[in-house]
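Let me begin by presenting the structure, written as structure tokens, before commenting on it.
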Amino acid sequence: MKQNMHDAFQKRPGEAEEGGQVETGTTASHGDEARGLRVLRLIEHLASASQPLTLSQLAARMQVPKASMMRLLDTLEQHGYVLRTPVGRGYVPGAASTNLALATLRNNALIRVSRSILGSLVAITGETCNLAIPEGNAIVYVDRVETQEPLRLHLVLGSRAPMHCTASGKLFLAHMSLLERRELLAMLTLEARTPKSITDPVLLEREIVRIARLGIGIDDEEFVHGMVAVAVPICAADGRIVAAVACHAPVARKSVEQLMQHVPQLKEAAVKLRPLLLAENS
């Protein structure tokens with residue numbers, strides 16, 4: 001049976017908190033709060049890192065002894081909140097952390113605001129617009145407002161889509177470091193979803209470089225035959241991409257070039273959505 005997470009975060013008998021003595025009473029309760037925040041800080045460090053972080057790196061960044069950090073990582077790994085990479089001895093957020101992030105993004109209050117912003121964007125573009133985040137080697141649609149036009153692509157919220165053939169996915173790839181992108185693509189099967197899907201790694205790298213230069217993700221009938229899309233990023237202050245706002249349309253109504261004319265409106269929506277996704281002053 002898996003060890004209870006709360007018990008695992010308690011000090012062992014006689015174990016002092018780092019840099020101090022064993023605490024009792026009210027002081028001990030503050031120590032419990034500090035350890036709880038330590039879990040959140042650890043997940044924040046992993047989520048914001050551009051590559052897996054090692055035990056030593058995490059211990060140094062959080063100023064926690066390696067032995068304490070190792071116990072915390074072991075417990076979080078047991079419960080699925082962190083995942084140890086097969087090579088490099090690094091750690092990344094696990095499925096439980098991703099599910100927690102998705103549950104937060106689906107919070108009713110957040111979704112009401114997001115739905116309003118995307119709804120206004122649909123009214124301007126006349127086409128379906130969505131909000132997507134990266135999850136592992138795929139993207140996840142966390143919010144979406146459909147066009148009223150009868151011809152449209154319907155995707156359920158929470159749907160996953162490949163990175164290599166979607167506008168948002170290619171945008172996420174373009175914001176990765178070269179090493180991180182190559183490691184991720186090495187694990188992917190570049191499946192041809194349509195005749196226009198890019199499945200050659202060399203050609204895909206060229207396309208990603210082009211996307212990086214443009215700062216706009218483009219899907220030219222690569223994910224679904226007869227559908228095109230463009231996407232713009234939502235970035236943190238350090239330039240790290242956290243989400244993307246995209247607009248989809250059937251080629252019977254709009255071409256990629258026509259969708260590109262709505263990029264200014266997509267960027268305005270991204271600016272409005274940014275405070276919902278980031279704990280920063282905007």
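- For the atom pair NE2 of His79 and CG of Asp74, the computed distance is 11.0 Å after rounding to the nearest 0.5 Å.
- Between Asp143 and Arg115 there is a salt bridge, since a side-chain N of the basic residue sits under 4.0 Å from a carboxylate O of the acidic one.
- Two residues are said to be in side-chain contact when any heavy atoms from C-beta on lie closer than 4.5 Å; Asp220 and Lys196 meet this criterion.
- Closest approach of Pro52 to Gln57, counting heavy atoms only: O-OE1, 4.0 Å.
- At distances below 3.5 Å, not a single donor-acceptor pair connects side-chain atoms of Glu77 with backbone N or O atoms of Leu83.
- Once rounded to the nearest 0.5 Å, the distance linking CG of Leu72 with CZ of Arg38 reads 7.5 Å.
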Between Thr75 and Val39, is a side chain to side chain contact (heavy atoms under 4.5 Å, CB included) present by the stated rule, with each step listed?
CA-CA 10 Å; Thr75 300; Val39 174; over 6 Å; no
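- In this structure a side-chain-to-backbone donor-acceptor pair under 3.5 Å is missing from Lys66 to Ser56.
- Summarising the geometry, atom SG belonging to Cys129 is positioned 12.0 Å from atom CD1 belonging to Ile117; distances are rounded to the nearest 0.5 Å.
- Taking 4.0 Å as the cut-off between side-chain N and carboxylate O, Glu207 and Arg210 count as a salt-bridged pair.
- When all heavy atoms of His164 and Glu191 are compared, the pair lying nearest together is NE2-O, 2.8 Å.
- Residues Val271 and Lys267 fail the side-chain proximity criterion, which asks for heavy atoms closer than 4.5 Å.
- Atom CD1 of Ile208 and atom CD1 of Ile198 lie 8.5 Å apart (nearest 0.5 Å).
- Looking at heavy atoms from C-beta onward, Glu146 lies out of side-chain contact with Val122 at the 4.5 angstrom threshold.
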Set out, in order, the CA-CA distance, both residues' side-chain angles and the distance that settles side chain to side chain contact (heavy atoms under 4.5 Å, CB included) for Ile133 and Val140, then state yes or no.
CA-CA 5 Å; Ile133 63 170; Val140 177; 4.3 Å; yes
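- Between Leu173 and Ile211 there is no side-chain heavy-atom pair separated by less than 4.5 Å.
- Residue Arg274 comes nearest to Ala236 through the heavy atom pair NH2-C, 3.5 Å, listed as atom of the first residue, atom of the second, then distance.
- A donor-acceptor pair under 3.5 Å links the side-chain atoms of Ser197 to the main chain of Arg193, judged by distance alone.
- In this structure, the separation between CG on Leu118 and NZ on Lys272 is 11.0 Å, given to the nearest 0.5 Å.
- If you chain together hydrophobic residues whose side chains sit under 4.5 Å apart, Leu214 and Leu204 fall into the same group.
- In summary, of the residues considered (Leu190, Leu185, Ile139), a side-chain contact (heavy atoms from CB on, under 4.5 Å) with Met163 occurs for Ile139 alone.
- Closest approach of Ser255 and Val228 over heavy atoms only: C-CG2, 4.2 Å.
- For Glu149, there are no side chain to side chain donor-acceptor pair (under 3.5 Å) partners two or more places apart in sequence or in a different chain.
- When side chains are defined from C-beta on, Ile234 counts as touching Leu131, because their heavy atoms get closer than 4.5 Å.
- Side-chain contact between Arg41 and Arg61: absent, with no pair of heavy atoms (C-beta onward) separated by less than 4.5 Å.
- Looking at Val245 and Leu121, their side chains come closer than 4.5 Å, going by heavy atoms from C-beta outward.
- Hydrophobic clustering (ILVMFWY, side-chain heavy atoms < 4.5 Å, transitive): Val230 and Ile124 are in distinct clusters.
- A 6.0 Å sphere centred on CZ of Arg160 holds more than 12 heavy atoms belonging to other residues, nucleotides or ligands.
- Contact detail for Phe223 and Pro162: the closest heavy-atom pair is CE1-CD, 3.6 Å.
- Looking at His225, its side chain never comes within 3.5 Å of a backbone N or O of Glu221 through a donor-acceptor pair.
- For the 3.5 Å distance criterion, the side chains of Thr147 and Glu127 fail to qualify, holding no donor opposite an acceptor.
- Once rounded to the nearest 0.5 Å, the distance linking OH of Tyr81 with CG of Leu40 reads 10.0 Å.
- Residues Met187 and Asn137 are not in side-chain contact: their nearest non-hydrogen atoms beyond the backbone lie 4.5 Å or more apart.
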Might you work through the side chain to side chain contact (heavy atoms under 4.5 Å, CB included) test for Cys247 and Lys254, ending with a clear yes or no?
CA-CA 11 Å; Cys247 183; Lys254 283 188 175 70; over 6 Å; no
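- Between Met69 and Leu55, the shortest heavy-atom contact is CG-CD1, 3.4 Å.
- Only one option out of Asn130, Thr125, Thr166, Thr128 pairs with His248 in a side-chain hydrogen bond (donor to acceptor under 3.5 Å, both in side chains); it is Asn130.
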